[in-house]
> 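Have a look at this one before I ask anything.
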There are 2 protein chains.
Amino acid sequence: MEPVTEPTDLLALDRQVCFALSIASRSVIGLYRPLLQPFGLTHPQYLAMLALWQHEPLSVKELGELLQLDPGTLSPLLKRLQALGYINRERDSKDERALCVTLTPAGRELRAEAEKIPPAIVARLGMSLEELQDLHQALTRVIAATRGTA
Amino acid sequence: MEPVTEPTDLLALDRQVCFALSIASRSVIGLYRPLLQPFGLTHPQYLAMLALWQHEPLSVKELGELLQLDPGTLSPLLKRLQALGYINRERDSKDERALCVTLTPAGRELRAEAEKIPPAIVARLGMSLEELQDLHQALTRVIAATRGTA
DNA sequence: CTAAATTAATTGGCGTACAAACTATTATCG
DNA sequence: CGATAATAGTTTGTACGCCAATTAATTTAG
């Protein structure tokens, strides 16, 4: 009789997975900020360094596939990493269209410092490794779901 | 003898929760894009509308607490929502420092359309409601963890 | 072999996101 | 009461993130 408020509000903010996802993402990235600041890195730049430490050399296209980022996003980001002295940006001699992104000595040395970051984050979160692994799996499933059928 | 590659690479890209979080967040938001486009809304603007549908009227400060966003982010975002005709921005007569954000009739009418979005996203993801609820809980725990001790 | 199509990066535009500086208003305290 | 401090928003600067348009190089096809 009284259509006051629905018992289950489909649009309730605290029920939206997309909202929880964006807050969680921004909040966790915020934890990295003070740890990355000494190296002058932002979190996206840190992810690019992770990709390079693992797969160097990489083209912009390959980096974009790994990080799921636009070339339009990566292009200026890589220039900043170069300005920081962590990477080289040269055209690929085999294919002058492609960029060949490699690490500088400074970029390679940074890896040892970076290895302290993940444990520091885990400690800061105070969550069990198991719970974090479960979350990682759940996120991987969502990511796969977004790449689904349609 | 051969220090080729560590069996467990702490810095492996596909092992980072922060990476999965940012990809998942961007990927899910990407699903909203075509659904929000007819209304001229971005995903952050959509979240602001959710907050207003639930709690109108709101000040910038209150919106910032709900959405975990800077006033510097919200200020221009709200002007765009006003330009779209969905909200009013007036100074609070009780406290001229505060802004009183309210919905226009068009903004209120939009709610009925918006109710179709969450089910469409869930269908598009093709995940069970239970799995999504588990994910939501896990994300809520991470968010709480980032607000932890230190 | 050359014109057309494809591909890889870059550039520019718009909208967040966050920090810092600034303005206006209100509250507090001597 | 009046100077000071605190508060609410706005503005500016930097860096994503995504889209669309552009440029340069390589393929493909005729």
Side-chain angles (χ1 to χ4, degrees), chain A residues 18-19 21-34 36-37 40-48 57-65 67-84 87 89-101 146, chain B residues 18-19 21-34 36-37 39-49 57-65 67-84 87 89-101 146:
Chain A
C18 65
F19 178 56
L21 264 174
S22 63
I23 302 277
S25 179
R26 288 193 283 114
S27 300
V28 171
I29 288 175
L31 295 185
Y32 281 81
R33 222 181 307 280
L36 294 174
Q37 193 161 6
L41 290 177
T42 64
H43 190 261
Q45 288 166 8
Y46 167 71
L47 294 180
L58 285 172
S59 67
V60 173
K61 177 186 169 62
E62 292 166 330
L63 214 39
E65 284 161 0
L67 302 179
Q68 296 293 308
L69 283 174
D70 241 42
T73 298
L74 284 174
S75 196
L77 183 151
L78 293 172
K79 286 184 182 174
R80 287 175 204 117
L81 285 180
Q82 181 183 35
L84 286 169
I87 67 167
R89 291 168 61 255
E90 299 165 354
R91 288 288 160 179
D92 184 343
S93 55
K94 309 281 185 195
D95 184 345
E96 290 284 339
R97 291 172 301 182
L99 204 67
C100 182
V101 181
T146 62
Chain B
C18 64
F19 178 55
L21 264 175
S22 64
I23 301 277
S25 178
R26 288 193 282 115
S27 300
V28 171
I29 288 175
L31 295 186
Y32 282 80
R33 222 181 307 279
L36 294 174
Q37 194 162 6
F39 312 117
L41 290 177
T42 64
H43 191 260
Q45 289 167 6
Y46 168 71
L47 294 180
M49 293 301 291
L58 286 172
S59 68
V60 173
K61 177 185 170 60
E62 291 166 330
L63 255 173
E65 285 161 359
L67 303 179
Q68 295 294 308
L69 283 174
D70 243 41
T73 299
L74 284 174
S75 196
L77 184 151
L78 292 172
K79 286 184 182 175
R80 289 179 200 116
L81 285 180
Q82 181 183 34
L84 287 169
I87 66 167
R89 291 169 62 255
E90 300 165 353
R91 288 288 161 180
D92 183 343
S93 55
K94 309 282 186 195
D95 183 345
E96 290 284 338
R97 290 173 302 183
L99 205 67
C100 183
V101 181
T146 62

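Proteins come first, then strands; the chains are lettered A, B, ... in the order of their sequence lines, and each starts at number 1. Nothing here was measured: the structure is a model prediction, and the numbers come from that model.
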> May I have the step-by-step check of side-chain contact (heavy atoms from CB on, under 4.5 Å) for B:L67 and B:T73, ending in yes or no?
CA-CA 11 Å; B:L67 303 179; B:T73 299; over 6 Å; no
> Rounded to the nearest Å, what distance is computed from the CD atom of residue A:E96 to the P atom of nucleotide C:dT10?
13 Å
> Look at B:D92 together with B:K94 and state whether they make a salt bridge at an N to O cut-off of under 4.0 Å.
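No salt bridge links B:D92 with B:K94.
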> Please report the interatomic distance CZ(B:R33) to CG(B:L41), rounded to the nearest 0.5 Å.
13.0 Å
> Taking heavy atoms of chain A and a 4.0 Å limit, find me the 5'-most and 3'-most nucleotide of DNA chain D within that range.
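Extent of the interface on DNA chain D: D:dA15 to D:dT26.
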> May I ask you to decide if B:G72's main-chain N or O and B:S75's side chain share a donor-acceptor pair within less than 3.5 Å?
no
> Could you run down nucleotides 11-22 of chain C 5' to 3' and tag each one B, S or - for protein heavy-atom contact under 4.0 Å?
B---SBBBB---
> Over 60° means perpendicular and under 30° means parallel, so classify the ring planes of B:Y32 and B:H43, tilted if in between.
perpendicular
> Between SG of B:C100 and CZ of B:R89, what distance do you get to the nearest 0.5 Å?
11.5 Å
> For residues B:R80 and B:T42, determine if any side-chain heavy atom of one lies less than 4.5 Å from a side-chain heavy atom of the other.
no
> Toward the 5' end of DNA chain C, which comes first, A:L74 or B:K94, by nearest nucleotide?
A:L74
> Could you tell me whether the side chain of A:R91 and the main chain of A:R97 form a donor-acceptor pair under 3.5 Å?
yes
